[in-house]
Number of protein chains: 2
Amino acid sequence: MPRTSTKAEAPVRRLAPDYRLEDQVGFLLRKAYQRASSNLVERIGSYDLTAPQYATLARLYERGALSQNLLGRLVAMEPANIRDVVLRLKKRRLVATRRDPTDKRLILIDLTAAGTALVEQLIPIETECTATTLAPLKADERGLLYELLSRLAEG
Amino acid sequence: MPRTSTKAEAPVRRLAPDYRLEDQVGFLLRKAYQRASSNLVERIGSYDLTAPQYATLARLYERGALSQNLLGRLVAMEPANIRDVVLRLKKRRLVATRRDPTDKRLILIDLTAAGTALVEQLIPIETECTATTLAPLKADERGLLYELLSRLAEG
DNA sequence: CCGATATTGTTATGATCATAACGATATCGA
DNA sequence: TCGATATCGTTATGATCATAACAATATCGG
């Protein structure tokens, strides 16, 4: 008997023959996010903004000045990551930073006039982009998706 | 009239006063994926595997040897990205590569015996992890979420 | 046959992402 | 008051991610 198969490999006995990657929510969520992010970049990419950068600007627009740390939590970014994003936005003069006078640990971030104007220009585009992403869903399904995703995100 | 406000800032007139970041699917999807990914790393992180790395191994387990490019498409990764993942897995001897004899452009990737054994060890853990991620949802809501996410991902 | 076209893998660049370790500052409780 | 504890921002490391440009190989049409 030859040590290596000649014509056909011996059939491999698999312990999990019916496992499917598609059954894992994480994989589906990753693909869906890729699609949403891609849709956004297609439309606002010409402004040289990424999805996380837009989220950061939008959050500042909603809430006004925030400490860097709180801002990070409100856009779901770790301290190390929000720092880099803020640095890039600051370099482009879309946000400005100042020290909190009462708590010397904090750095307060706020939109500049240019940043505010840009957000107001982008909001309708982003809303349109969300509609594009949701296009495969019927109206009643969209609200349901929000409900389900919100609960998943909270945990 | 002073050029700078003294006591209170003049109320800023916002063009989109009721805009909410939470209404954008992309943002919700990103947060939900963060949660799912975090759940996975909590459980398989001790194996020094990330979610994309696990997905790559799992896909190879499902389909057998694949070209690097096709493998990338099947796990939703760009050619440049799947390359790096394969390199890391190869360095750990979880996958092996060989050239396709008929098409000299292709690199065929396959699980090693160690890689196969690892996947079979991880599959039940991953399945359990998916259950954890889906815990906030009732049974009938889970199937619905899959349906909606699949349609979103396809576009 | 053979040149235009397409596909595969690589390289480079820049932007997330998560984690751990660290100094500086605040806060809380004994 | 003062020391333990917590929070904030920084630094470093390593792993995704997307995009563009490129060489090598296949494929297709005339």
Side-chain angles (χ1 to χ4, degrees), chain A residues 26-27 29-42 44-57 66-92 97-109, chain B residues 26-27 29-42 44-57 66-92 97-109:
Chain A
F27 185 68
L29 285 169
R30 175 160 153 274
K31 289 211 297 182
Y33 172 64
Q34 279 181 356
R35 169 76 58 173
S37 177
S38 164
N39 282 341
L40 182 60
V41 171
E42 260 181 32
I44 73 168
S46 54
Y47 294 89
D48 269 309
L49 276 185
T50 66
Q53 286 171 10
Y54 171 79
T56 302
L57 295 177
L66 295 168
S67 80
Q68 183 173 286
N69 196 277
L70 177 56
L71 173 59
R73 286 199 299 274
L74 291 176
V75 294
M77 296 181 66
E78 298 296 321
N81 305 328
I82 187 62
R83 176 182 179 272
D84 289 345
V85 171
V86 165
L87 281 181
R88 288 184 203 103
L89 295 177
K90 186 180 178 183
K91 189 177 299 179
R92 295 172 60 183
T97 65
R98 64 182 195 275
R99 290 219 155 273
D100 185 301
T102 70
D103 189 335
K104 281 188 278 187
R105 297 172 303 176
L106 306 187
I107 296 184
L108 298 178
I109 324 283
Chain B
F27 185 68
L29 285 169
R30 174 161 154 272
K31 290 211 295 181
Y33 173 65
Q34 278 181 356
R35 168 77 57 173
S37 176
S38 165
N39 282 341
L40 183 59
V41 172
E42 261 182 30
I44 72 168
S46 54
Y47 294 89
D48 269 309
L49 276 186
T50 66
Q53 286 171 9
Y54 170 79
T56 302
L57 295 178
L66 294 168
S67 81
Q68 182 172 287
N69 196 277
L70 177 56
L71 174 59
R73 285 199 299 274
L74 291 176
V75 293
M77 298 182 64
E78 297 296 320
N81 304 329
I82 187 62
R83 176 182 179 272
D84 288 345
V85 171
V86 166
L87 281 180
R88 287 183 204 105
L89 296 177
K90 185 180 178 182
K91 188 178 299 179
R92 295 171 61 183
T97 64
R98 64 181 196 276
R99 289 219 154 272
D100 186 303
T102 69
D103 188 333
K104 281 189 278 188
R105 296 173 303 176
L106 306 187
I107 296 182
L108 298 179
I109 325 281

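Rounded to an integer number of Å, the gap from CZ of B:Arg105 to P of C:dT10 is 13 Å. The CG atom of B:Leu106 sits 15 Å away from the C1' atom of C:dT10 (whole-angstrom rounding). The interatomic distance linking B:Gln68 (CD) with D:dT25 (P) rounds to 16 Å, in whole Å. Here the C1' atom of nucleotide C:dT16 and the CZ atom of B:Phe27 are 15 Å apart, to the nearest Å. At whole-Å resolution of the value, CD1 in B:Ile107 and P in D:dT25 are 12 Å apart. The distance between atom CD of A:Glu42 and atom C1' of D:dT19, rounded to the nearest whole Å, is 13 Å. For the pair A:Asp84 CG and D:dT13 C1', the interatomic distance rounds to 13 Å; values are reported in whole Å. In this structure, the CZ atom of B:Arg83 is 16 Å from the C1' atom of D:dT19, given to the nearest Å.
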### Message
As a quick check of understanding, evaluate side-chain hydrogen bond (donor to acceptor under 3.5 Å, both in side chains) for A:Arg35 and A:Asn39, giving each step before the final call.
### Response
CA-CA 6 Å; A:Arg35 169 76 58 173; A:Asn39 282 341; 5.3 Å; no

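Applying the side chain to side chain contact (heavy atoms under 4.5 Å, CB included) test between A:Val85 and each of A:Leu57, A:Thr56, A:Val75, A:Leu71 identifies A:Thr56 as the sole match.
Both A:Thr50 and A:Thr102 sit near DNA chain C, but only A:Thr50 has its closest nucleotide nearer the 5' end. Between A:Met77 and A:Asp103, it is A:Met77 whose nearest contact on DNA chain C lies nearer the 5' terminus. The residue among A:Ser38 and A:Pro79 whose nearest nucleotide of DNA chain D is located toward the 5' end is A:Pro79.
Among the heavy atoms of the strands lying under 4.0 Å from B:Ala80 is at least one base atom, whether or not backbone atoms are also near. Nucleic acid contact for B:Val41: none, since no nucleic acid atom lies under 4.0 Å from a heavy atom of the residue. Counting non-hydrogen atoms under 4.0 angstrom, B:Arg73 reaches the backbone sugars and phosphates but no base.
Two residues are said to be in side-chain contact when any heavy atoms from C-beta on lie closer than 4.5 Å; A:Arg99 and A:Leu106 fail this criterion. Side chains of A:Leu87 and A:Lys91 form no contact here, defined as non-hydrogen atoms less than 4.5 Å apart.
Taking side-chain N and O atoms only, B:Arg30 has no distance below 4.0 Å to OP1 or OP2 of C:dT16.
When distances are taken from the side chain of B:Glu78 to each of C:dG9, D:dT19, C:dA24, the shortest belongs to D:dT19. Listed candidates were C:dA26, D:dA26, C:dA18. Nearest to the side chain of B:Lys104 is D:dA26. Which of D:dT10, C:dC17, D:dG9 sits closest to the side chain of A:Pro52 comes down to C:dC17. Closest approach to the B:Gln53 side chain among D:dT11, C:dA26, D:dA15 is made by D:dA15 (side chain taken as heavy atoms from C-beta onward). Of the candidate nucleotides C:dA15, C:dT10, D:dA18, C:dA15 has the atom lying nearest to any side-chain atom of A:Arg88. Here the nucleotide nearest the side chain of B:Gln34, chosen from C:dG9, C:dC17, C:dT11, is C:dC17. For B:Asn81, the side-chain atoms get nearest to D:dC17 when compared with the rest of D:dC8, C:dG9, D:dC17. Distance from the side chain of B:Tyr33 is smallest for D:dC17 among the nucleotides D:dA12, D:dC17, D:dT16.
Between the side chain of B:Arg30 and the backbone N or O of A:Ala51 there is no donor-acceptor pair closer than 3.5 Å.
Note: A:Asp84 CG to A:Leu89 CG = 11.0 Å, rounded to the nearest 0.5 Å.
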